[in-house]
Structures are given as structure tokens and as C-alpha cells.
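None of these values were measured; they are calculated from a predicted model.
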Amino acid sequence: MKTRAAPYRCAGGLHPVYHKSLTAAAATIPLELPSTLVISLAQHLGAPARPLVKKNETVGRGQPLAEPAGFISAWIHAPTSGKIKAIDEQWTAAGRRATVITMESDGEDRWADGYPQPPLPADADRKQQIDRVAAAGIVGMGGAGFPTHVKLSPPPEKAIDTLIINGAECEPYLTADQRMMVEDADRLRQGIDRIRRLLGTPAVRIAIEDNKPDAVKAIQQALSSLDGDVEVMVLPSAYPQGAEKQLIYSVTGREVPSGGLPMDVGTLVENVGTTLAVADALDSGLPLTERVMTATGDALSQPANLRVRIGTPFDKIIEHCGGTKTPPAKVVCGGPMMGTALPSLAAGVCKTTSGLLLMPQDTVHFFESMACIRCGRCVNYCPMRLMPCTLSEGGEAEDDELLEEYRILDCIECGSCAYVCPAHRPMVQHMKNSKARIALIRRERELTKQRTS
Amino acid sequence: MLPLIVPLAIITSTAVIGLTGLGCGLLLAMAARFLAVREDERIEALTECLPGINCGACGMAGCGDYARAIIEDDAPVNLCKPGGEETLKAICAYLGIEAQAGEREVALVCCGGHNGLAKHQATYNGIADCIAAERIGGDGKACPFGCMGLGSCARICPVNAIEITEQRLAAVHPALCIGCGACVKACPRNLIGMVPESRKVHILCRSTDRGPVVRKYCEVGCIGCNRCVKAVGKKGITMDGALAVVDYTVPIEDVSVAETCPQSTIVVRDGRKENAS
Amino acid sequence: MTEKDINLAISASPHTHSGASVRGIMLTVIIALAPALLWGFRLFGWPAIVLTATCVAACVAAEALSRRLMKRKLGIGDGSAVVTGLLLAMCLPPALPLFMAVIGAVVAIVVAKQVFGGLGYNPFNPALVGRVFLTISFPFAMIQWTAPDAPPTDDTHAVTAATPLAAWETEWSGQEETAGFFEEYPWVDLFFGNQAGSFGEVSSLLLMLGGLFLLWRRCIHWQVPVFYLGSVTIIALILYGIDPHRYLPPFYHLFSGGLMLGAWFMATDMVTSPVTARGMMIFGCGCGVLTMIIRVWGGYPEGVSFAILLMNAAVPLINRYTRPRVFGTRQS
Amino acid sequence: MSGYLLLIISAVLVNNFVLTRFLGICPFLGVSRKMATAIGMSGAVVFVMTLAAAVTWLLEHYALAPFDLAYLRTIAFILVIATFVQFVEYLLKKFSPTLHQGLGLFLPLITTNCAVLGLAVLNIREGHRFMEALVFALGAALGFALALILFTSLRERIDRANPPQAFRGAAIALITAGLLSLAFMGFAGLVKI
């Protein structure tokens with residue numbers, strides 16, 4: 001196994017202040033069981049799951065609470081044993097309303113019947129293994145939440161020749177992936193080996209940013225026993241190095257075509273956390289009911305890396321971390337660049353929640369609606385080589401023709417443009433807004449086309 | 001006596017211009033013959049129906065364009081405001097469709113929770129636009145169904161009939177509303193409905209949350225207590241889960257039903273009177 | 001901690017910022033202009049100081065007044081009016097009657113900027129519009145240059161002198177013997193700033209230092225000045241090679257006639273220059289070519305302001321056709 | 001040869017029909033909303049101008065001048081120009097209906113486009129020979145096209161600007177055109193003819 005620098009450099013590349021030292025060296029601690037859990041049914045990309053339980057029903061840990069409601073959807077399991085208190089609509093950590101199951105823990109943390117499931121041997125049937133991944137409710141834990149079993153079963157004409165394990169963690173503040181790589185490197189090796197076999201032994205690249213030397217070292221050691229084409233790729237620390245398309249380019253020099261998927265260029269990217277979840281599901285038969293996340297920020301008394309059950313309410317996490325130093329003015333679920341600002345702390349941890357960031361008043365950035373002064377910085381820093389200034393102006397004017405011409409749908413909402421904007425324009429909100437509108441227009445256009453033909 | 005001999009200048013000038021004109025005319029005649037494009041007769045006929053002032057109120061470049069849009073793109077026939085009813089009738093007569101009769105409908109914002117009554121749980125900082133705010137989790141108002149008051153409806157209204165009050169609530173001026181329905185589509189929380197002008201009883205809430213939840217965030221939200229439904233004997237008001245909904249197909253004559261509402265969610269308004277004033 | 005204690009802010013991502021601001025950029029530009037400005041004050045004395053003060057005051061006042069008339073938020077805090085005032089003053093003859101300077105400032109702020117909606121919307125560089133407006137309206141007053149070595153005590157005693165480019169154009173170009181010109185205008189004077197001209201544009205060295213400061217602070221992109229100065233140098237070199245008696249050597253084109261001020265501070269104005277890297281290169285080249293065309297063949301000895309204004313007009317077109325290739329749209 | 005070149009430069013830059021002579025302002029403002037129509041209009045103007053220049057020149061020198069009918073010049077020229085515009089309209093309608101629709105009313109308006117008539121009259125007044133007249137016409141048309149395309153791209157930008165209410169629309173467009181023409185004054189004295 002070799003270690004080398006990533007051979008390509010993607011466009012853009014910010015150097016934000018990382019603030020990772022708050023938690024980079026803090027060992028992961030398991031959070032005690034909360035008394036109440038708030039489990040969103042829309043924790044993944046695609047259709048929200050359909051509830052399988054009723055109010056007042058008693059459930060055991062690992063028991064399915066909701067089933068997938070479509071091909072792109074996922075199972076959701078009870079994170080502990082207890083009683084279902086309510087099923088209703090609430091704000092979720094994704095910053096929108098969704099059906100939420102509220103359950104009360106009985107403190108016993110008893111597994112449901114048949115859980116954990118028996119481990120599957122490495123030479124088990126491929127379909128059986130992928131079904132297990134699906135049944136464990138595993139989704140991309142880096143943030144997007146794409147169901148992993150869908151990624152693991154590419155159509156036969158799209159052979160995967162490179163598996164990239166994403167340990168870049170380019171978001172400031174977050175250190176969960178880093179800690180997982182340092183602490184769980186052996187289990188990570190098992191996960192990598194599992195995924196690799198499922199895909200027909202492609203080359204494996206573990207991509208880590210150079211600001212995590214401890215992770216690089218741990219991975220080198222743990223993976224030395226792995227044979228075949230396995231390499232650790234050290235990436236320069238730059239945002240958004242860990243974004244899927246940029247990562248693929250840095251590692252392989254291939255550009256995922258506009259509107260396409262990584263499998264279109266023969267690659268598959270899995271997050272460190274997801275890889276560990278796959279190992280858990282196949283080797284230990286555990287469904288996805290907990291994850292590692294970073295609770296951090298300058299308003300939090302004791303920033304920490306935590307192993308938490310899915311559904312743990314955010315106020316419980318804050319409590320566990322010694323409360324707040326100063327009143328938080330903004331609470332972000334995820335990292336500061338792409339995370340979601342939460343309107344309240346009642347929501348619970350999702351499968352995709354990689355961090356909880358409490359920002360004091362003086363660090364909260366305020367958007368002012370000033371006119372673009374055309375400094376061109378956003379154009380310079382856009383990792384997708386778009387023209388964000390033009391797009392945001394076009395978005396304001398709702399000039400849909402212009403937005404499509406300037407390819408707004410290729411925007412990955414990384415926030416680089418808004419980060420460097422001297423006019424403090426809410427660029428990402430413009431992008432999100434325009435993208436949704438354009439997507440809608442396209443869908444309508446498709447529909448009319450279908451109807452007329 | 002006029003000289004019989006016409007001055008040479010007149011003859012030459014007439015001849016030169018005449019011949020030039022003739023040449024040009026011939027060229028054009030040939031062009032018309034060989035480059036002719038057949039136009040849809042219906043478009044021309046429809047253009048005749050329109051006022052011909054090319055004002056652009058319909059959103060097209062002119063009357064001709066609007067006529068083309070009606071024929072080719074199935075544009076609605078009631079877009080011509082200057083022409084009014086007369087034009088509408090003429091168009092409908094030509095196309096052989098029936099002009100929509102019936103009562104004038106005006107838009108109504110079904111939320112009464114202005115900033116003094118509805119609670120905010122967070123402070124919004126971003127684009128002053130409801131649709132944009134809704135995409136990142138609303139404007140901080142604790143009620144997820146309430147009016148954000150960022151004015152997407154007011155901006156899309158072609159006649160400026162919607163006002164955002166100081167307490168950040170959208171309000172329609174029924175007198176100005178032309179019933180185009182643009183605001184209904186613009187509202188990301190589906191708060192705006194079209195109601196017949198003569199109706200007086202309205203329920204200004206669309207929160208489907210249960211009563212206790214609603215009470216927590218809004219002083220004038222519907223808590224689903226069912227009293228109004230009982231008061232009208234299920235005629236004109238029905239329950240949709242925990243929300244009372246006015247059924248505008250059944251007129252409610254007795255406006256005292258509003259007094260049964262413990263939350264003052266039901267309001268009595270006379271759209272016609274407001275129009276007159 | 002209960003929910004009542006806190007009122008959280010919600011906004012779209014990102015939740016952090018680089019700290020760059022429009023005011024910061026404008027402040028940096030003012031700092032970068034300072035050396036050349038102070039040198040101008042030293043060289044031309046009180047008239048220059050009064051002129052600068054007038055221009056800045058008139059610009060700020062015009063901005064405040066027009067914002068108030070438009071019933072919009074006052075935007076003076078961003079400092080752009082101050083920068084416009086400084087730049088305008090620096091490209092005017094030091095002895096210009098003050099009322100003309102006021103007219104120029106008002107045109108710059110009101111006609112070139114606020115009418116379009118303020119900073120960010122103006123298609124043309126306000127200071128240059130002001131200057132060009134004055135050049136066309138008061139052609140005589142705009143070429144009354146003060147000789148640098150004899151700073152006058154007051155306007156009436158100003159000793160007028162020709163700028164090197166104007167002198168070459170009217171007296172020396174095409175002559176058999178041109179050595180006298182180079183004696184009268186040694187290039188060292190041009191480089192260090194001992195020449196007649198608009199008071200802020202005389203010292204090429206200090207302007208270049210200011211420009212490099214801007215570059216270091218990342219307030220301007222390197223493409224514009226490099227391609228601007230580069231294209232001027234190349235064209236001047238070719239012409240000089242063809243006929244040294246008719247055309248000036250590149251040094252003189254580079255270090256006189258406001259080229260340094262234009263290339264580092266005017267052409268790089270963010271609002272009115274392209275946003276794409278390739279666009280900036282084309283923009284710079286265009287400025288250079290037009291400057292040389294106007295200088296060598298046109299009616300004005302200095303072509304910088306017209307050249308930049310003309311290229312300003314082409315900026316939307318340039319932006320449109322120099323869009324970078326979007327990631328993932330490689331033609332295969 | 002260099003004479004023709006100077007003639008073109010003069011017509012395109014120094015004495016730009018729109019920005020220096022202020023001819024043809026109507027279509028200049030009218031069709032500068034969208035790039036596609038602006039390019040189409042430019043094409044139509046190049047076609048009409050060059051052909052009209054040729055025909056009016058011939059008309060002047062073989063019909064009007066020999067019979068001493070200079071006073072009929074305007075009416076005769078308009079006749080010819082109108083014919084050509086109508087002809088172009090037929091062509092466009094046949095071969096590019098979208099462009100025809102985009103140009104709308106402004107196509108027939110080329111007839112009264114003073115730039116075309118102005119060109120024909122200027123050709124006679126300056127005593128251009130036939131080839132010179134053609135080259136001058138081409139230059140003038142190219143100048144019109146240049147101004148129109150530059151202005152259109154600017155206008156797409158100022159359409160998204162935020163002028164005070166009173167300046168919206170044509171007012172701000174005219175101010176922009178004025179500033180553009182200010183910039184074009186830099187070419188003054190470029191060609192001495």
C-alpha cells in the first residue's frame with residue numbers, strides 16, 4: 001500500500017479558518033441514553049419513510065420504525081427500546097418540516113427480537129449482502145444522505161473501477177470523520193474490504209486532507225494488511241475538497257459529467273462513517289442506530305466528539321457538553337459552510353448529522369442585500385467554474401433563461417461564493433431558490449413534452 | 001389660358017419617379033408571389049377583436065402577439081384588461097366558447113397571525129422573499145403555516161392589490177384585486193385562496209396542527225374546537241382534521257358564527273362594502 | 001437552558017465569512033492611492049490639495065443628496081464616493097478652476113453612478129466619465145498643466161507646461177532630430193514623477209507600488225494591469241522599431257499620460273471590468289490597443305480615459321463570451 | 001486601398017452613425033433588448049444599407065442628376081429604401097419567422113430609419129464614387145451593428161440595474177447611450193478626411 005499526494009487539483013479552493021483544534025484530539029465519548037428521542041422520517045435523500053408503528057406501541061432497539069417509500073428511500077430503526085409517544089409533523093434537523101416519531105426510552109436499551117442479526121460471512125451472496133445494507137437503513141453519512149444500497153448496485157454497464165473513501169472532511173470545525181479514522185481504523189478496513197468485494201475489487205483510494213496527519217498514520221497502519229490496489233491519497237487542505245465531484249477529480253482526474261453520477265466515470269465515493277456502518281451491518285448485524293458527530297462551537301462549554309443515538313435531541317447534546325458558555329446566536333446542524341441553521345433545538349440527530357455548531361453572537365455572519373460589485377472573486381473560487389455573481393443576479397430578476405444558460409443546476413451549494421463575497425450577498429440562498437424553480441420548470445416542460453408526444 | 005405644352009421638367013420628374021416606382025412595385029409583387037407565407041387567418045381575425053392599442057397589459061408584445069398566443073399557445077382569453085368584458089365576449093364569440101360568467105372572485109390571505117399575535121422562534125436573515133425563506137426553513141415564525149410577510153405575493157400582483165402590513169402580514173385590497181390568481185400560486189405556504197366577493201365569513205388560519213400546539217405559537221390560530229361547525233350545523237364550515245375550513249360553495253348568512261370562535265380566528269368582512277368605500 | 005432563553009438566527013449557508021467587505025476594499029484602494037496622492041501634493045502644492053478636497057467633498061455630497069432624493073439608504077459608508085473623488089481629482093490638471101471640478105464630480109456620481117442605482121450597477125467608471133465629460137466640455141482648461149518644478153503660490157501665477165506626450169505630438173514627432181525631446185523630458189523624471197500632467201498621475205513608481213499593494217491585498221486581479229501594460233509596451237515597441245523619429249520609445253508610453261493610474265486603478269475598477277480571468281485579459285489588451293490607437297493616431301495625446309471607457313462598454317459582451325467551462329461539461 | 005480602409009474606420013468609429021451622428025436612434029433603442037434580435041437587426045441593416053446605397057447612387061447619377069431632378073432626391077430615395085425594407089421583410093418572414101417576430105414593428109421602421117436615408121444623402125453630398133459609396137455604406141452599417149451589439153449587451157446589464165423609478169426604461173437606456181457616445185468621442189480626430 002502506498003501513500004501519495006493527490007495528483008490533480010480541482011478549481012476553487014478556499015482556506016477558511018478551520019477551528020478543528022477544538023475537538024481534533026478529543027476521543028469519542030458515547031453519550032448517555034436520552035429519555036426522549038425525536039426521529040425524523042426524512043433523514044435521507046428521496047421519499048420520506050412510511051411509519052410502521054403506532055402511538056403507544058412498545059419497541060425494542062433495532063426494530064424497524066419506518067419502511068422505505070420508494071426505490072430511493074431508507075429503513076429507519078428504533079435507536080433504543082421504549083414507547084412511541086407521538087407521530088406528527090415537526091421541524092427537523094434538515095431545516096424543514098417532516099413526519100417525526102417521538103419515542104420515550106425505557107432505559108433498558110433492550111434489543112428487539114432477532115436483533116442484532118447474525119453476521120454475514122464475507123463470501124455470502126452479493127445480493128444478500130446488499131439487501132442487508134438496505135435493511136440496515138444505511139445512507140450516505142457525509143451529509144447528502146443518498147441510500148447506500150442504491151450506490152452499491154450500479155447497473156452492469158457502469159463498472160466501478162475506483163472506490164474512494166472520503167475522509168477529507170473539509171468543513172471547518174468538524175472532526176468526527178477524523179476521530180473515526182484514528183479510533184476505528186481496523187473496523188474501517190473491514191468496511192472497505194466489504195464494499196470493495198461487493199463492487200468486484202476496484203482500486204481503493206482513501207482520501208484524507210493533509211491537516212489530519214494522525215488519521216493518515218492510523219489508516220496507513222491499519223490498511224497495510226490489505227492487499228490489492230489500495231492507496232492513501234493526501235489532499236491539500238482546501239474547501240470544498242471533500243465535495244464528491246471535486247474529490248473524484250482530485251483523485252482520478254475524471255470529471256463527473258454535468259447532471260451525472262460518480263458511477264458515470266466508474267467511481268464510487270463512500271464517507272468514512274458510511275463505510276463503518278456497512279462494516280457494522282455486515283460483520284455485526286447492526287442496523288444504523290447511532291453515529292459519531294462533533295458538538296462544537298465557541299458558544300459551547302466543552303466541545304466534544306460524541307457517539308450518539310439517532311434521534312437524540314440537540315438540547316440534550318448541549319446539556320451533556322456542559323451547556324453553553326455564552327448564549328448561542330445561531331445553531332448549525334452540520335458544518336459552517338454547508339450546514340443548516342436550526343430554528344429551535346427540539347429536533348433530533350439524523351443519520352446525516354455530522355456536527356452541531358453553536359455560534360456566539362459575535363461570530364454570526366449577517367447577510368446584507370447589497371448590490372454585486374462584480375469583483376469576480378466568486379467566479380475565481382467557484383469549484384464548479386460557474387459565474388455565481390451572474391447567477392445570483394439572474395435569480396433576483398427571475399431570469400430563468402439566463403439561469404439555465406449559465407447552468408445553475410450544476411451548482412453544488414458549497415458556499416464558497418458567499419464566503420468570499422465582499423458585498424455579503426446571500427448567494428447560496430439565491431442558488432437554492434433558483435435551482436428549485438428551474439428544476440420545477442424543467443419537470444413541467446418534460447411533462448408537457450410527454451403529454452404532447 | 002393655360003399653356004398647352006406641359007413643361008419638360010414635369011414630364012421627366014413624373015417619368016423618373018413613375019418608372020422607379022414601377023420597378024420597385026414589380027420587384028415587390030414578385031417577392032410577394034414567390035416568398036409568400038400563409039398566415040393563420042384566425043390570428044388576424046382575433047387581432048381584429050382586440051383593442052389594438054398594443055399596451056402589453058396581457059404580457060405579450062402587442063395585440064397581434066396576444067392573438068397568436070391564444071391560438072398557438074392556448075393563452076387564457078381573459079388577459080386583455082383594457083378591452084374588458086366587450087373584448088372577452090368578442091373573443092369568446094369568435095372562438096365559439098362560453099364566456100365564464102359567475103361572481104367575481106377576489107384573493108384572500110388565510111392568516112391573521114401578525115407579528116403581535118404569532119410568535120417568532122428565530123430571526124430570519126436572508127433574501128426578502130417568502131419562497132426563498134421557505135427553502136431554508138421559514139422566516140423564524142414558529143407557526144409553519146403562517147404568513148411570513150416577505151411579500152412574494154405582493155410582488156407578483158400585477159395591480160399592486162396586496163399590501164404587507166407593518167406587522168408583516170399580507171393583506172389583499174378586494175377593491176383592487178382583479179382575481180388573476182397569481183398570488184395563489186406564488187405563496188409557498190398556500191395561504192391565499194380565491195373567494196367569491198359577496199362572502200362575509202372567513203377563517204383566517206390554515207394551520208393543521210393540533211389545538212395545544214397552535215395555542216403555543218399563535219393567539220388567533222384555529223385550534224379545531226369544532227364550535228363554529230356546530231353553530232352553522234355543518235353547512236358552510238367543515239372540519240379538515242384539526243382545522244375548520246369555510247366551504248365557499250355554501251353561503252353563510254348568519255355572521256354571528258364568528259362570535260363562537262374562542263380564538264377570534266373567524267372574521268366577518270364585507271368585500272362588497274369595502275369595494276364601495 | 002430552555003427554549004425561551006434564546007432567539008436563534010436562521011439563514012442560508014454558509015454561516016461563516018471571509019470578512020471581506022466593500023468598505024474594506026475601498027479603504028485599501030485609498031491606502032494604495034495615498035503615496036502618489038501625497039507626492040502630487042508635494043509637487044503641485046496647495047492647488048492640488050484644494051482640488052482634491054473639492055472633488056472628494058463634491059462626490060460625497062452628490063452621493064448623499066442623490067441617495068436622499070431617491071429615498072434610499074445612504075451608502076456613503078462604503079467609501080466608494082471618496083474613492084471616486086480621489087481618482088477624479090488625481091486625473092485633473094492641478095490648476096483646474098474649482099467649479100469645473102465640482103461639475104465633474106457631480107457628473108461622475110449622479111450621471112455615471114446613482115442614476116443606475118448606485119455602486120455595482122454603473123456600467124462605466126464614474127471618475128473617468130467625470131474626467132471625459134470635462135475634457136469635452138472644457139477642452140482648453142483641461143490641458144492647462146502646471147510645471148512641476150515651479151510650484152505656484154496661487155493659480156494666476158501658474159507656469160504652464162506641456163505633458164511629454166503632448167509635446168512629442170505637437171513639436172517633435174516626425175522631426176529629424178529628436179534628441180532635444182529626450183533631454184527635456186528624461187525618462188527618470190517620468191518614472192519618479194517629475195513631469196507635468198494631472199497631479200495624481202505623475203509618479204509612475206508610486207502608482208506602481210500602490211498597484212502592487214492592491215495586488216498583494218487581492219483587491220485587483222493581475223490580468224488587467226499586466227495585459228494592459230504589456231499590450232502598450234508591445235505596440236509601442238513595434239512602432240518604435242518601425243520609425244524611431246515618429247514614435248516614442250515604450251518607456252515614454254508606459255510612464256506618462258496617466259497610463260499607470262489607469263492601468264492599476266481605473267481599468268481594475270471591479271464594477272466596470274470583467275469578472276472572468278480570460279475576460280480580464282481581453283479587457284486589458286483592448287485597453288492597451290485602444291490607448292495606443294488614440295495616442296498615436298487620434299486627436300488626444302493621452303488616450304487612457306477614453307480607452308478604458310470604451311472597454312467598459314464592452315465588458316458585458318466580454319463576460320458573456322469568456323464564461324469558464326463549467327466543471328463536468330467537457331466536450332468528449 | 002488604404003483610402004477605403006480609412007473610409008470604413010471613419011464610418012465605424014469616428015463618425016459612427018448612431019453614436020456620433022445620432023442617426024437611427026429609434027431601432028437602436030427599440031431592438032436592443034435581446035442579443036438575438038440585435039444581431040438579426042444588424043444583419044438586416046447591413047443588407048438594406050449596402051443595397052440601398054448602391055441603388056440610390058445609381059438612381060442619383062443616372063436618373064436624377066442628368067435630368068436635374070435633385071429636388072426629388074428624398075422622395076425617390078425613400079421609395080427605393082421602402083422597397084428594400086419590404087423585400088427584406090418578405091425574406092425574413094419566409095426564412096426566419098422567429099427573427100421576424102422578434103424584430104416586430106422595427107423592421108418596417110428601417111424604412112424611416114434616418115440612418116439609411118442619411119447614408120444615401122451623405123454619399124451624394126460627399127461626392128463618393130460608386131465603390132466608395134458602397135464601402136462607406138458597409139462601414140456605416142457595421143458601425144450601426146457595432147453600436148447596437150455593444151449597447152444590447154450593456155442593456156442586458158442595466159435592465160437588471162436598480163435605477164430610481166423615474167429613470168426606469170427608456171430614460172436609463174438613453175443615458176447609457178449618451179455615456180457610450182461620450183466614450184466614442186475618444187476616436188475624434190482619428191481619421192482626418
Checklist line | Euclidean distance, A/K245 NZ relative to C/F327 CZ, rounded to 0.5 Å | finding: 7.5 Å
Check: Would you say C/H15's side chain and A/G339's backbone share a donor-acceptor pair under 3.5 angstrom?
Finding: yes
Item checked: Top of A/N380, A/D410, A/V332 for chain C proximity - count of heavy-atom pairs under 4.5 angstrom -> A/V332
Checklist line | Between A/E405, A/M370, A/H15, the one whose heavy-atom pairs under 4.5 Å with chain C are most numerous | finding: A/E405
Checklist line | Winner by heavy-atom pair count (cut-off under 4.5 Å) against chain C, out of A/E413, A/M387, A/R254 | finding: A/M387
Check: How about C/F213: does its CZ atom have over 12 heavy atoms from other parts shown lying under 6.0 Å from it?
Finding: yes
Notebook entry, point to check: Would a distance-only check, ignoring hydrogens and angles, find a side-chain to backbone donor-acceptor pair under 3.5 Å from A/R374 to C/M270?
Noted result: no
Checklist line | Heavy-atom proximity to chain C below 4.5 Å, by part of A/S416 | finding: neither
Next item on the list: Verify side-chain contact (heavy atoms from CB on, under 4.5 Å) between A/I373 and C/L119, making sure each step is shown before the conclusion.
Entry: CA-CA 7 Å; A/I373 59 161; C/L119 182 69; 3.9 Å; yes
Check: Which atoms form the tightest heavy-atom contact between A/P336 and C/T16, and what is the distance?
Finding: CB-CG2, 3.8 Å
Margin query: Checking A/C375 against C/H221 for the side-chain contact (heavy atoms from CB on, under 4.5 Å) test, could you report, in this order, the C-alpha distance in whole Å, the side-chain angles of both residues, the deciding distance, and whether it holds?
Written below: CA-CA 9 Å; A/C375 62; C/H221 300 267; 5.5 Å; no
Checklist line | For the student: nearest non-hydrogen atoms of A/S258 and C/T329, plus distance | finding: CB-CG2, 3.8 Å
Checklist line | Contact class of A/P426 relative to chain C, heavy atoms under 4.5 angstrom | finding: neither
Checklist line | For A/Q429 against C/A12, the heavy-atom pair lying closest together | finding: CB-CB, 3.6 Å
Check: Is it true that atom CZ of C/R72 has more than 12 heavy atoms of other residues, nucleotides or ligands lying nearer than 6.0 Å?
Finding: yes
Checklist line | For A/P422 against C/I25, the heavy-atom pair lying closest together | finding: CB-CD1, 3.6 Å
Notebook entry, point to check: With a 4.5 angstrom heavy-atom cut-off, which part of A/Y239 approaches chain C: side chain, backbone, both or neither?
Noted result: neither
Checklist line | Portion of A/Y406 that has a non-hydrogen atom of chain C nearer than 4.5 angstrom | finding: both
Checklist line | Check: A/R407 and C/V326 side chains under 4.5 Å, non-hydrogen atoms | finding: yes
Item checked: Heavy-atom check, side chain of C/P14 versus side chain of A/V428, under 4.5 Å -> yes
Note to self: Around atom CZ of A/R437, are there more than 12 heavy atoms from other residues, nucleotides or ligands closer than 6.0 Å?
What the structure shows: yes
Check: Any sub-3.5 Å donor-acceptor pair from C/S18's side-chain atoms to A/Y419's backbone N or O?
Finding: yes
Next item on the list: Could you tell me which portion of A/M384 (side chain, backbone, both or neither) has an atom closer than 4.5 angstrom to a non-hydrogen atom of chain C?
Entry: both
Checklist line | Distance, nearest 0.5 Å, that separates CG of A/L345 from CG of C/L8 | finding: 5.5 Å
Check: Where on A/A329 is there a heavy atom nearer than 4.5 Å to chain C: the side chain, the backbone, both, or neither?
Finding: backbone
Note to self: I need the residue from A/T390, A/L386, A/L342 with the largest number of non-hydrogen atom pairs under 4.5 Å to chain C.
What the structure shows: A/L342
Notebook entry, point to check: Are the charged groups of C/K73 and A/E368 less than 4.0 angstrom apart, N to O?
Noted result: no
Margin query: Quick check on A/C389 against chain C: is it the side chain, the backbone, both or neither that has a heavy atom closer than 4.5 Å?
Written below: side chain
Notebook entry, point to check: Of all of C/N319, C/V315, C/V275, which one pairs up most often with chain A through heavy atoms under 4.5 Å apart?
Noted result: C/V275
Notebook entry, point to check: Does C/R218 offer a backbone N or O that forms a donor-acceptor pair with the side chain of A/R377 under 3.5 Å?
Noted result: yes
Checklist line | Under 4.5 Å from any heavy atom of chain C - which part of A/V331 | finding: both
Next item on the list: Check whether A/M427 gets within reach of chain C through its side chain, its backbone, both or neither, counting any heavy atom under 4.5 Å.
Entry: neither
Checklist line | Selection from A/G259, A/C417, A/A371 maximising heavy-atom pairs under 4.5 Å formed with chain C | finding: A/A371
Check: With a 4.5 angstrom heavy-atom cut-off, which part of A/P383 approaches chain C: side chain, backbone, both or neither?
Finding: backbone
Note to self: Looking only at heavy atoms and a cut-off of under 4.5 Å, which of C/G19, C/S13, C/S21 has the most pairs with chain A?
What the structure shows: C/S13
